[in-house]
Each structure stands twice: as structure tokens, then as C-alpha cells.
Amino acid sequence: MQLRLDFGLRVTILLKSRRFQAPDSEEQQGCSDGLKRSIPMLFMGNVFVQFFVDFKSIFMNSGSSHVKGYSSICVFHVIFPPPVYHKLFEVMDMLGPTLWDVWNSLGQSCLRFSDIQGFEKHNDEQALKLMNSCAVDVLEEFKDIVFAYGVSDEHRHYGVKPILVFDGGHLPMKNEQEIERARSRKENPARAIEHESCGDTSAAYEYYQKAVDIPTTIAYELIPISHSFFKTQFSSRLINLIFISSSVGLIVYLLFSSFSVLPSTRILLLGGDPFSSSTSLDHIVFGIASNAKSWPKRKEYVKMWWKPDKMRGCVFLDVPLNNKTVPSDASLLPPVCISDDTSRFRYTWRGGLRSAIRVARVVSETVALNHSNVRWFVFGDDDTVFFPENLVKTLSKYDHDLRYFIGSNSESFVQNRFFSFSMAFGGAGFAISYPLAKTLAKVLDSCLERYPHLYGSDGRISSCLAELGVGITRESGFHQMDMTGDPFGVLAVHPMSPLVSLHHTDYMDPMFPDMTSRDAMRHLYKAAELDPHRILQQTVCYDRWFSWTISISWGYAVEVFGNHVLLPDVLRVPATFQPWKKGNVLHTLFDFDMREHNKDPCRRPVVFHMNKTSLDGHQTTSIYRLMEHNNCTADLGSPRRIEMIKVHAKKLTLEVKQLQAPRRQCCDVLPTSKPETLEIGIRECHEDELIRMPR
């Protein structure tokens with residue numbers, strides 16, 4: 001049967017009894033008001049008995065309390081099945097010892113309830129906690145129920161079908177990985193209990209999730225039942241009805257996918273985007289290469305992005321800091337580790353720095369820290385500025401159980417040609433998945449002995465990974481920034497991918513006029529904290545009245561052309577910067593399309609830099625002002641008469657499909673009563689909308 005909940009969310013319950021009693025009518029009744037009327041039940045085979053017994057033995061005796069929430073509004077409407085459903089599934093009053101009843105209570109009025117309660121959407125964190133709380137109340141009141149969980153029904157609404165997936169047995173080649181996973185599962189319950197005792201339920205969920213081991217006997221018992229189920233004479237429509245109403249798909253999803261576990265209350269929680277929730281900062285360990293001489297100054301860059309309460313890792317120095325150089329703000333920075341001696345390794349690059357060997361070994365020394373629950377190791381220099389939310393979002397695209405080496409090349413053609421096009425440049429930062437990092441750490445020292453002739457640490461890492469048969473997976477959000485001068489061109493025309501890192505900011509002009517390099521980076525970071533996924537994302541629109549072309553790099557700058565320009569030409573990077581090295585014409589070549597940057601400032605597009613940003617609910621407003629004034633003449637139709645540009649946009653939340661197949665957003669010039677102000681609205685493009693010049 002189905003129980004329809006007044007708050008528009010669904011709770012599934014599993015029974016172990018001969019009969020369950022339902023209310024006499026469809027009137028609202030509280031979760032603990034009692035059920036009085038006998039109704040027919042749908043049963044499932046004993047395939048799930050083993051799972052719930054194992055589950056109970058692991059988690060149900062931990063003595064933890066359930067999530068507190070909105071249990072006071074757990075109210076049921078009872079909707080009885082249609083006659084055909086009743087007739088087909090009416091069974092005897094007696095249930096065998098291995099049979100279980102599965103019931104769904106299905107929600108209604110989701111959007112209305114979400115608006116009333118102030119939910120962002122009907123499957124956000126508050127709503128999920130509400131479902132959990134209702135499941136708890138059902139369990140506590142009706143002792144015949146042995147299992148319950150809350151789940152959003154949004155996936156089925158959009159046509160997502162449940163699929164049975166059976167994992168294989170242990171493979172010899174994965175033996176080491178299986179041992180590591182078993183060790184982690186053994187340790188995680190204790191960590192979960194520790195987090196729960198401290199009140200950190202979200203961390204406890206994560207560790208309980210990682211402690212579950214599903215026996216292969218479940219798949220063995222489930223396969224024949226699935227076969228017999230689909231060999232029945234029911235129509236496909238009826239099969240789907242049975243499949244959904246009995247929650248087979250959802251329970252199998254719990255068995256073979258990632259899920260969260262709440263001990264003692266026997267609740268499983270599902271919902272949200274698995275790619276955004278599966279990987280978090282808790283799963284990343286950072287290895288930062290520095291030295292005792294540069295760290296006291298460079299630490300200011302690390303302090304911008306390091307989150308002491310959420311991040312793990314170490315900054316590796318060559319020697320300990322003396323008492324005079326130990327920073328007073330050490331609690332805001334990663335802990336300091338001292339690198340091992342590398343004098344036994346040869347270094348033969350004439351004029352190079354043998355510290356490259358020590359920096360390369362930061363990889364193995366970071367792995368040796370032996371942190372638990374790690375999915376990714378991320379490495380960078382002390383002047384690498386990471387954007388953590390975008391780093392997590394980018395890594396969420398990939399399966400951390402596979403061997404991935406993720407990073408980017410240099411922007412400079414010569415740097416890539418001289419060192420390697422297949423190398424992830426270390427200053428931009430790079431990420432290595434856990435299983436690959438563990439393997440690399442074992443062989444790194446022997447590998448380093450074969451490459452004394454290489455210049456840097458990143459070349460050594462890439463070469464060793466090549467010997468392991470792994471190449472670079474390029475992500476354009478990592479930026480080496482091998483250039484000098486004004487970085488405006490690269491920042492104003494960013495690729496359609498989240499900004500993950502910036503490097504070499506001390507070697508370039510400040511991003512914003514009249515600021516130091518570090519203050520300019522902090523200024524950019526303020527915008528990134530409000531809308532991290534949108535930072536530097538380029539949007540282009542056209543003004544019909546004045547024939548302007550407007551290019552927005554959100555959170556950084558707006559470039560206004562005094563005429564209409566074809567979109568492909570706007571998307572070319574203006575050559576505002578200088579080569580990393582001078583002397584050879586090849587140094588002026590970069591790995592992206594470029595357009596001329598006129599030497600006469602009066603003949604360039606007008607640039608307005610970000611002044612401030614604000615967030616109101618889910619709507620951002622960013623203000624851009626003209627910060628560089630030149631003695632240029634301006635007619636009535638010139639963009640130089642503009643004093644301020646105000647850009648409105650909804651906070652951007654990228655889903656995995658948008659990362660895999662990105663599409664640029666559109667914008668409109670909005671009406672305004674102030675001639676000195678230009679207002680722009682950014683939005684999603686319509687299905688067949690073109691970003692083009694007006695006719």
C-alpha cells in the first residue's frame with residue numbers, strides 16, 4: 001500500500017509481522033496515533049533478510065540518538081490501492097519466517113510545503129532531516145517495524161529507472177586495494193562514534209557510510225529472484241508499479257551505491273546530487289611544497305584558501321623554522337612537516353635546483369602521513385592559490401577508485417615544448433587519486449634514481465606516472481600562469497570550467513588597479529566565496545541601442561566594446577601580458593587563441609573592474625567601476641560615459657552534467673533610469689538561443 005504524507009516527502013518502512021494495521025479513514029493522523037484497519041500487504045523474498053540482519057549487527061547497538069528535526073509534523077493521509085492492485089497482491093494473512101513487508105508512504109504538495117518551510121528545494125538538507133525524523137517516529141511507535149528511511153522521489157519524477165547492478169568478487173590485481181578498504185571499514189565505526197559523540201552528525205554519517213560491507217551472498221540470492229520476478233506475465237507498466245511500490249530499486253540502490261547510515265535508529269538517508277555530495281574537502285589531503293626561507297612570506301597566499309577546520313595535509317619545509325620566523329597565525333595554516341634528507345639522490349641539471357628532488361618526494365611523504373578516508377591527494381606550491389569549492393566540484397567528476405592524474409599544462413607553448421606537453425605543471429597544482437598515489441609512493445624513490453637529468457619536481461612525478469602507465473587528465477581550471485605583466489587577458493576570458501587554482505601572482509601585475517598583488521587576490525576571493533562556481537565565468541551580450549558588445553568575467557571585470565563584435569573574436573584572449581622569458585619569438589606563443597591588445601588605451605574596449613559583490617538569498621549583485629581613467633574623448637554613444645555597471649545573477653550551482661557538457665550562459669541589458677549606470681542580468685540560455693550580434 002501507499003501512505004501519502006502531508007509534508008510531501010516519502011518514507012519507506014520494512015515490517016516483520018503477520019499483519020499491519022491502517023487507519024480507518026483518510027483523515028490526518030499523527031505518526032504515533034496508531035493504525036487500526038487490516039489491509040493486504042506486498043511481501044518480498046528473504047534476499048533482504050541477510051542484509052538487514054548484518055546491518056543490524058553492525059550498527060543498531062551503538063546507542064546513538066536519532067537526528068532531531070520536524071517530527072511534530074509527521075502526519076499521514078492513507079490512500080488505498082486501486083481495486084486491480086488490491087486483487088493482484090492480496091495474500092494470505094500468514095507470512096513465512098523469511099518474508100518481509102515493504103511499504104511506501106508517498107508525499108504530495110512538495111513545492112507548497114517547501115515554500116512554507118523556507119526550504120531551498122524539497123530535497124535539501126532540512127527536508128532530508130525531516131524525512132529522517134518522521135522515519136524515526138514511525139520506528140519508535142510501531143515495534144513491528146525493523147527498518148525505515150526517508151528519500152526524495154525526485155529522481156523517479158524525472159524518469160530515472162532503478163537498475164540492478166552486481167559487483168564482482170575479489171580480483172588478485174585489486175587485492176591490495178581490498179585489504180586497504182577492509183582496514184578502513186574496520187576503523188571507520190570508531191571514528192563515526194567519536195564524531196557523533198562530539199555532535200558532528202554529518203561527519204558521523206560519512207564514516208558510517210564507509211564502514212558498510214555488503215556480502216556477495218546478497219547478490220547471489222537476489223539474481224534468481226530478479227529473474228523470476230521479470231519472467232512473470234505482468235505487463236511492463238504493472239511491473240514498474242510493483243517495482244516502485246515495493247522499493248526494490250531503492251533498496252538495491254542502498255546496497256550497491258553510496259549511502260549514509262544513522263546508527264541505532266536504523267535509518268538510511270538518500271537525496272541530492274551524488275557527484276556534489278560524494279566528494280568533499282574531508283576526502284582530500286594537501287601536500288604543499290615550500291622552504292623555510294619563503295614560507296614566512298608565501299604563507300599569506302595559503303592562508304587565503306586554507307580552512308583549518310575542514311582541511312588536512314602539511315606544508316613541507318627543508319629545515320625547521322627558527323623561533324623568530326614561526327608565524328603567530330600558525331593555527332590558521334597547515335601544520336609544518338620537515339622533508340626527509342635527499343642527499344642520496346643524484347641531480348645533474350646544470351644550474352638547476354636539487355630541491356626539485358625534495359619537492360617531488362612531497363608526494364610520497366604526504367601519502368606516508370597515513371590519513372584515513374582519503375580519496376584524493378592534491379599538491380601545489382606555497383604560492384599556489386586554490387579555490388577549494390571548485391577543486392572539490394572538479395574532482396567529483398571522476399571516480400576516485402580509479403587511477404587518475406589530474407592537472408594542466410603551462411599556458412606557454414615554449415614551456416610545454418621544453419619540459420613536456422604530457423606533464424602536469426606543479427605550480428598550477430595537480431591531483432592524484434588515492435589508489436594511484438599509494439602505488440606511486442611505493443615506487444617513487446626507485447624512479448627518482450632514473451631521472452637525475454630532469455629539471456623540476458613535476459617532470460619527475462609525470463615521468464614516474466608514465467612508467468606506471470598513467471597519463472595526465474587535463475582540467476583547464478588549473479592555471480600555471482607562466483607569464484608576466486598584466487594578467488587581465490587570461491582572467492577576462494576564462495575557459496568554461498570552474499576556476500581551480502592560480503599561480504605566480506607575485507610575478508605579475510596586480511589583478512586590480514591600485515592594489516598590491518596579495519590585496520588584489522583577497523579582493524577576488526571575496527567574490528569567489530559568494531559564488532565560487534561562477535567566478536571568472538565569461539558571459540557575452542549585445543546592446544542594441546548603442547551597438548555595444550559586453551563581455552562579463554564575473555567577479556573580476558566587464559569589458560565593453562564600443563561596437564558589435566562577433567562572439568568568436570570576443571572569446572579570444574587579449575594579449576595584455578608578456579612572455580615568461582624573452583628573446584625568442586617562440587616565447588610569444590601561447591596555447592590559446594589571442595587577439596591584439598592595442599597600445600593606445602583610447603582604442604581599446606573600456607574595462608570596469610569589480611568593486612564589490614553581495615548575495616541576497618540566491619541572487620548575487622556585483623558592481624564594476626572604471627578604475628583606470630585615461631584622457632580619451634567620448635561621444636554620447638561611448639561606453640566611456642558609463643560610471644558603474646551592475647550585474648545581477650542567480651548563484652550558480654554546477655551539476656555533474658554541466659561539468660561534462662558545459663554551456664555558456666546568456667545575459668540581457670536591463671532598462672535603467674540612470675544613463676551613467678549599465679545593468680546586466682545573467683541567465684540560462686534558451687534551448688535554441690544564439691549569442692550573436694543583433695541584425
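The analysis underlying the following values was restricted to heavy atoms, covering all of them including side chains, and did not include hydrogens, waters or symmetry mates. The shown structure was predicted, so the numbers you read here are calculated from the model rather than taken from an experiment.
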[X]/[Y] ion pair, N-O < 4.0 Å:
{"X": "Glu676", "Y": "Lys646", "value": "no"}
{"X": "Arg604", "Y": "Glu596", "value": "no"}
{"X": "Arg450", "Y": "Glu467", "value": "yes"}
{"X": "Asp329", "Y": "Lys303", "value": "yes"}

Nearest 0.5 Å please: distance from the [atom1] atom of [X] over to the [atom2] atom of [Y].
{"X": "Leu454", "Y": "Ile357", "atom1": "CG", "atom2": "CD1", "answer": "10.0 Å"}
{"X": "Ser553", "Y": "Phe488", "atom1": "OG", "atom2": "CZ", "answer": "7.5 Å"}
{"X": "Ser501", "Y": "Glu475", "atom1": "OG", "atom2": "CD", "answer": "11.0 Å"}
{"X": "Arg518", "Y": "Arg298", "atom1": "CZ", "atom2": "CZ", "answer": "8.0 Å"}

Check this for me: [X], atom [atom1], are more than 12 non-hydrogen atoms of other residues, nucleotides or ligands nearer than 6.0 Å?
{"X": "Arg354", "atom1": "CZ", "value": "yes"}
{"X": "Lys650", "atom1": "NZ", "value": "no"}
{"X": "Lys599", "atom1": "NZ", "value": "no"}
{"X": "Arg344", "atom1": "CZ", "value": "yes"}
{"X": "Phe418", "atom1": "CZ", "value": "no"}
{"X": "Arg346", "atom1": "CZ", "value": "no"}
{"X": "Asn584", "atom1": "CG", "value": "yes"}
{"X": "Gln658", "atom1": "CD", "value": "yes"}

Walk me through it: do His479 and His504 pass the test ring pair (Phe, Tyr, Trp, His ring centres under 6.0 Å)? CA-CA 9 Å; His479 293 281; His504 279 159; over 10 Å; no
Does Arg641 reach the main-chain N or O of Asp635 with its side chain, forming a donor-acceptor pair under 3.5 Å? yes
Please check this pair: side chain of Tyr347 against backbone of Leu353, looking for a donor-acceptor N/O pair closer than 3.5 Å. yes
Evaluate salt bridge (charged side-chain N to carboxylate O under 4.0 Å, His left out) for Arg361 paired with Asp445, printing each intermediate quantity in order. CA-CA 8 Å; Arg361 294 193 78 254; Asp445 284 354; 2.8 Å; yes
Exactly one of Trp305, Phe379, Phe430 should register a ring-ring contact (aromatic ring centres under 6.0 Å, His included) with Phe286. Which one does? Trp305
Among Arg683, Gln537, Arg534, whose side chain to side chain donor-acceptor pair (under 3.5 Å) with Gln665 holds? Arg534
Centroid-centroid under 6.0 Å between Tyr507 and Trp580 rings: yes
Output field: ring centroids His609/Tyr556 closer than 6.0 Å: yes
Could you report the tightest heavy-atom contact between Ile535 and Gly555, atom names first, then the distance? CD1-CA, 3.9 Å
Audit row: Phe478, Phe425, ring pair (Phe, Tyr, Trp, His ring centres under 6.0 Å) steps and yes/no: CA-CA 9 Å; Phe478 292 85; Phe425 278 66; over 10 Å; no
Quick one: which of Asp383, Val490, Thr384, Leu524 gives a side-chain contact (heavy atoms from CB on, under 4.5 Å) with Leu502? Leu524
Return the set of residues passing side-chain hydrogen bond (donor to acceptor under 3.5 Å, both in side chains) with Asp486 (not counting sequence neighbours), or none when no residue passes. none
Between the side chains of Asn416 and Asp591, does any donor sit under 3.5 Å from an acceptor? yes
Can Arg663 and Glu655 be said to form a salt bridge (charged side-chain N to carboxylate O under 4.0 Å, His left out), step by step? CA-CA 12 Å; Arg663 186 187 182 190; Glu655 306 294 343; over 6 Å; no
Before giving the answer on salt bridge (charged side-chain N to carboxylate O under 4.0 Å, His left out), spell out for Glu449 and Arg460 the whole-Å C-alpha distance, their side-chain angles and the decisive distance to 0.1 Å. CA-CA 10 Å; Glu449 294 174 353; Arg460 287 168 165 79; over 6 Å; no
